[in-house]
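Accompanying notes for the structure given below.
Side-chain atoms are counted along with the backbone in the values below, which use heavy atoms only and exclude waters and symmetry mates.
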Amino acid sequence: MLPTRSLSRQLVTQVLLGITAFAVVVLASCSQPVRAPGIDQGFDYSPAWSPDGNSIAYVHSPARSESAEKQGIYVVRLDSLRRTQISTRFVRSVDWSPDGRSILFDAPDGLYRMAANGDSARRIFDGTAYFPEWCPAADTIVFDDISDIWLIHADGGIPRKLGHIRGRDPSWSPDGERLVLLSAYPDASGEELSIVGVRDTSVRRLTHNDHEDRSPSWSPTGNEIAWNKWPRSNGSVRPEVWLIDTAGVAEQKVLVAETDISWSPDGQSITFVKTTSSGPRVFTASRTGSQLRQITF
């Protein structure tokens with residue numbers, strides 16, 4: 001069994017901060033997101049690029065002026081920007097199966113998978129599970145429970161804890177042999193990126209920053225990792241997307257954007273969340289930050 005946690009420990013880091021000081025905090029024990037008072041903006045989050053490169057799945061939380069039925073998981077076609085709602089559930093994050101036929105999501109009552117069109121949703125784990133991601137071989141799913149990393153068969157079952165590894169937000173390497181995740185270090189002011197071996201549970205620290213790191217995502221090409229830096233200046237945060245090579249040597253700023261990074265299948269583009277005047281929306285850009293395109297409105 002996964003350890004139980006008090007309400008104060010169930011405050012999740014699905015936070016979207018923008019230049020307009022818009023903020024959202026999701027409570028793991030609640031069925032609805034809690035918005036900042038006076039804000040009447042819906043928001044989109046957790047974009048995930050489809051394996052065929054043609055679509056992006058994401059989650060929408062409706063504005064007060066919208067029907068509650070607008071909440072849920074959507075798939076948007078990149079050629080037409082036509083979007084289709086495939087679920088009305090409140091979920092925290094989504095991921096595609098490697099063959100593109102299924103979608104994985106975590107909800108307050110556990111981990112689910114369903115057909116890519118929204119049919120046949122079934123719970124494969126009824127414990128605490130955040131930021132699940134399918135491994136490239138499609139047989140295993142990794143997730144965290146706020147402090148530890150767990151592996152579970154893609155069809156469900158009893159999860160296995162990854163050694164004594166503590167961390168959050170794991171992302172697979174293309175060969176399925178390693179994970180990049182967020183780890184706490186005594187000399188760090190926030191969580192840092194670490195690379196962990198799935199077989200031997202070896203740990204290698206990748207970043208040494210004086211601020212919070214978030215949302216690591218391993219490139220399909222295998223040689224780069226995208227992530228969010230959350231540097232503070234004069235009491236405010238201006239999140240940025242950065243790239244780093246797997247040796248931890250070369251770092252490159254891509255653009256200013258909030259969180260929830262996913263790569264295109266060819267590793268040449270990323271999708272992410274960026275705040276607009278109407279709230280956080282899904283965008284795409286090249287891996288260097290050019291060709292910025294808004295996907296949801």
Going by heavy atoms in the side chains, are [X] and [Y] under 4.5 Å from each other?
X: V196; Y: I149; answer: no
X: L182; Y: P216; answer: yes
X: L104; Y: I124; answer: yes
X: T284; Y: T271; answer: yes
X: S55; Y: R77; answer: yes
X: P231; Y: E240; answer: yes
X: L255; Y: F272; answer: yes
X: T288; Y: Q252; answer: yes

Kindly compute the distance separating [atom1] ([X]) from [atom2] ([Y]), expressed to the nearest 0.5 Å.
X: H153; Y: R160; atom1: NE2; atom2: CZ; result: 12.0 Å
X: L179; Y: S194; atom1: CG; atom2: OG; result: 11.0 Å
X: K161; Y: D145; atom1: NZ; atom2: CG; result: 8.0 Å
X: W150; Y: T140; atom1: CH2; atom2: OG1; result: 15.0 Å
X: Q294; Y: S278; atom1: CD; atom2: OG; result: 6.5 Å
X: I86; Y: I103; atom1: CD1; atom2: CD1; result: 3.5 Å

So which atom in [X] and which in [Y] form the shortest heavy-atom distance, rounded to 0.1 Å?
X: A107; Y: F90; answer: CB-O, 3.9 Å
X: W218; Y: W172; answer: CB-O, 3.1 Å
X: S219; Y: T221; answer: OG-OG1, 2.8 Å
X: G167; Y: L181; answer: CA-CD1, 4.3 Å
X: V273; Y: P47; answer: CG2-CD, 3.8 Å
X: S97; Y: P51; answer: O-CG, 3.2 Å

Practice task
Mind running side chain to side chain contact (heavy atoms under 4.5 Å, CB included) on R293 and L81 for me, showing each step along the way?
Solution key: CA-CA 11 Å; R293 182 190 185 198; L81 296 190; 3.5 Å; yes
Handout entry: Cluster check I56, W96: I/L/V/M/F/W/Y, side chain < 4.5 angstrom
Key =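 Shared cluster, no.
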Problem - Cluster companions of I158 among Ile, Leu, Val, Met, Phe, Trp, Tyr (side-chain spacing under 4.5 Å) - result: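 Once heavy-atom contacts under 4.5 Å are chained together, I158 still belongs with nothing else.
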Handout entry: Intermediate values then yes/no, salt bridge (Lys or Arg N to Asp or Glu O under 4.0 Å), E191 and R214
Key = CA-CA 8 Å; E191 291 179 309; R214 296 188 183 182; over 6 Å; no
Exercise for the section: Find out whether the Lys NZ or Arg CZ of R168 is both under 6.0 angstrom from the six-membered ring centre of F131 and within 45° of the ring's axis. Expected result: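 Output no; distance or angle outside limits.
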Handout entry: R89 to F105, cation-pi by 6.0 Å centre distance and 45° axis angle
Key =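 No, R89 does not lie over the aromatic ring of F105.
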Exercise for the section: Would you please classify the geometry between the W242 ring and the W227 ring as parallel, tilted or perpendicular, with 30° and 60° separating the classes? Expected result: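 Geometry flag for W242 against W227: tilted rings.
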Practice task
In sequence, state the C-alpha distance, the side-chain angles, and the governing distance for D213 and K229, and then conclude on side chain to side chain contact (heavy atoms under 4.5 Å, CB included).
Solution key: CA-CA 5 Å; D213 287 335; K229 285 187 179 184; 4.0 Å; yes
Exercise for the section: State whether R92 and D260 are salt-bridged, where the test is any N-O pair (Lys NZ or Arg NE/NH1/NH2 against Asp/Glu carboxylate O) under 4.0 Å. Expected result: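 Judged by the 4.0 Å cut-off on N to carboxylate O distance, R92 and D260 do not form a salt bridge.
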Practice task
Using atom types as modelled and distance alone, determine if a side-chain donor or acceptor of S87 lies under 3.5 Å from a backbone N or O of G118.
Solution key: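 The answer is no, because no donor-acceptor pair under 3.5 Å joins these two groups.
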Problem - S93 and D106 side chains, donor-acceptor separation under 3.5 Å - result: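 Side-chain D/A pair, D106 to S93: present.
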Exercise for the section: Would you please name every residue forming a side chain to side chain donor-acceptor pair (under 3.5 Å) with T88, sequence neighbours left out? Expected result: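 Partners of T88 under the side chain to side chain donor-acceptor pair (under 3.5 Å) test: none.
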